[in-house]
Engineer: 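My structure is below; once you've seen it, I'll send some questions.
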Number of protein chains: 2
Amino acid sequence: MASKSTRDRIVEEADALFYRVGFEATSFHAIASGVGISRGNFYHHFKSKDAILDAVIACRAEATREMLARWETEGRGAREQLLCFIHILVANRADIMGHGCPVGTLTNELAKADHPARESAADIFALFREWLAQRFEVLGAKDRADEYALHLLAWSQGVATLAAAFRDEFFIDREIAAITAWLDKAIGFSPYSH
Amino acid sequence: MASKSTRDRIVEEADALFYRVGFEATSFHAIASGVGISRGNFYHHFKSKDAILDAVIACRAEATREMLARWETEGRGAREQLLCFIHILVANRADIMGHGCPVGTLTNELAKADHPARESAADIFALFREWLAQRFEVLGAKDRADEYALHLLAWSQGVATLAAAFRDEFFIDREIAAITAWLDKAIGFSPYSH
DNA sequence: GTCTATAGCCGGATAGAC
DNA sequence: GTCTATCCGGCTATAGAC
């Protein structure tokens, strides 16, 4: 396997920094020293900071699509696939308590800055929304599939925000249990029926 | 009534700008031209930008305490008082769709910046948490009062984030209805029992 | 208490050598 | 493709006149 290109390493480093410290607060100096190149070298790969942001968002969108596709093969049914989504709050708990949800916090920042990339950042939310709605449709909630999808998205966003504010992981566990209980009720799943 | 002091007008303007465009992104120039004073005049009132942030957070905390106290006199019972909290999503819907929740977005930004004021910003969440828990205690949910309070806070945060991402006010209405239904079930309220 | 002027720093962006 | 050197602008903060 060929080693990563400089361009890819820039995107990777920028992605991590945009998440941990924010887009505006991340300087070229910080990205450059993380990658191990000089500041001037940047402009051979990207013509502006906004161009890096576009690349990071595209990269995140692609990673999201791949993750959703992976869940479809991993989960044995639509309910298990939805549980995969809920599980990311557990798997990423340390990062979430420190820096919130990457999608939610970036969208918020770009909204305040009235940044042209705001919409493409919000489109990652839309990827989740559509994927979740499809699972609910499979489970027979055709009329309310999108409603359920948005509800699940909102709930997980709220958990991420509060977990970051209070740095409380017990709270995450409790909400995960509540979300799972809600899900099973919404789709008419009974623990005794299988 | 005496006209507002320059200091108060600075805090007021900074408060609005920190909400609409964020703390880091707000320059002294923007605050100064909003208030109608020169940049240099600032340092007579505050010794640094962080000092303004502290004043804004203290101001918001005080406004929150006053609002909670007002709800206690306005609401005829604990359930109505809880509905006052839920209602802020409706009353502030335009601002929320444009800039999210003031508490949640500031806490997020300060967390990423690892800013010393992060905790005092999160304390405003704690004010809501304690007040909400007290209402649930009055309603007889003593063991789960804090759990319910956090759940309600998280839910409203999630609604604010998604409403801002999708700019969808119909979504807000639907979630408000769901929150109210959840509340009445949690506290054992029946629409036929009064 | 308010102003103007300016210091000092750091950001993104550019030019051109290698 | 990578580097060094530099420009330009905006930012916080300070000094000192009025």
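Every value quoted in this text rests on a predicted model; they were computed, and no experiment measured them.
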Engineer: Check DNA chain D for consecutive Watson-Crick or G-U pairs with both distances under 3.5 Å and list the runs of at least three as stems.
Structural biologist: C:1-18 with D:1-18
Engineer: Could you check whether B:Arg135 makes a cation-pi contact with B:Tyr148, meaning its NZ or CZ is under 6.0 Å from the centre of the six-membered ring and within 45° of the ring axis?
Structural biologist: no
Engineer: With a strict under 4.0 Å distance from non-hydrogen atoms of chain B, what nucleotide opens and what nucleotide closes the contacted stretch of DNA chain D, reading 5' to 3'?
Structural biologist: D:dC11 to D:dT14
Engineer: Of A:Thr26 and B:Thr6, whose closest DNA chain C nucleotide lies nearer the 5' terminus?
Structural biologist: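 Whichever sits nearer the 5' end wins; that is B:Thr6.
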Engineer: Which residues satisfy the ring-ring contact (aromatic ring centres under 6.0 Å, His included) test with B:Phe128, sequence neighbours excluded?
Structural biologist: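 Partners of B:Phe128 by the ring-ring contact (aromatic ring centres under 6.0 Å, His included) criterion, ordered by chain and then number, come out as B:Phe85.
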Engineer: A:Leu53 has an atom CG; how far is it from atom C1' of C:dG12, in whole Å?
Structural biologist: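 Answer to the nearest Å: 15 Å.
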Engineer: What is the separation between atom CZ on A:Arg39 and atom P on C:dA15, rounded to the nearest whole Å?
Structural biologist: 16 Å
Engineer: Taking the six-membered ring of A:Phe42, is NZ or CZ of A:Lys47 closer than 6.0 Å to its centre and within 45° of its axis?
Structural biologist: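 So A:Lys47 doesn't make the cation-pi contact.
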Engineer: Indicate yes or no: at least one non-hydrogen side-chain atom of A:Leu132 is less than 4.5 angstrom from one of A:Asp146.
Structural biologist: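 Of all side-chain heavy-atom pairs linking A:Asp146 with A:Leu132, none is under 4.5 Å.
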Engineer: Taking atom C1' of C:dG12 as reference, at what distance in whole Å does atom CD of A:Glu24 sit?
Structural biologist: 11 Å
Engineer: Kindly check if the number of other-residue, nucleotide or ligand heavy atoms within 6.0 Å of CD (B:Glu119) is above 12?
Structural biologist: no
Engineer: Find out whether the Lys NZ or Arg CZ of A:Arg60 is both under 6.0 angstrom from the six-membered ring centre of A:Phe18 and within 45° of the ring's axis.
Structural biologist: no
Engineer: Under 3.5 Å, is there a donor-acceptor pair between the B:Glu175 and B:Trp155 side chains?
Structural biologist: yes
Engineer: For B:Ala55 versus B:Phe46, what's the shortest heavy-atom pair and its separation?
Structural biologist: CB-CE2, 3.7 Å
Engineer: Reckon A:Ser27 touches a base, only the sugar-phosphate, or nothing at all at heavy-atom distances under 4.0 Å?
Structural biologist: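 Sugar-phosphate only.
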Engineer: Heavy atoms only, 4.0 Å cut-off, all strands: where does A:Ser5 land among base, sugar-phosphate and nothing?
Structural biologist: nothing
Engineer: At 4.0 Å (heavy atoms only), tell me whether A:Phe28 reaches a base, stays on the sugar-phosphate, or touches nothing.
Structural biologist: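 It contacts sugar-phosphate atoms only.
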Engineer: Given that A:His44 and A:Gly40 both sit by DNA chain D, which one's nearest nucleotide is further toward the 5' end?
Structural biologist: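 It is A:His44, whose closest nucleotide lies nearer the 5' terminus.
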Engineer: Would you please classify the geometry between the B:Phe136 ring and the B:Trp182 ring as parallel, tilted or perpendicular, with 30° and 60° separating the classes?
Structural biologist: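 The arrangement is perpendicular - the two ring planes meet at more than 60°.
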Engineer: Once you round it to whole Å, what is the distance between C1' of C:dG12 and CZ of A:Phe23?
Structural biologist: 11 Å
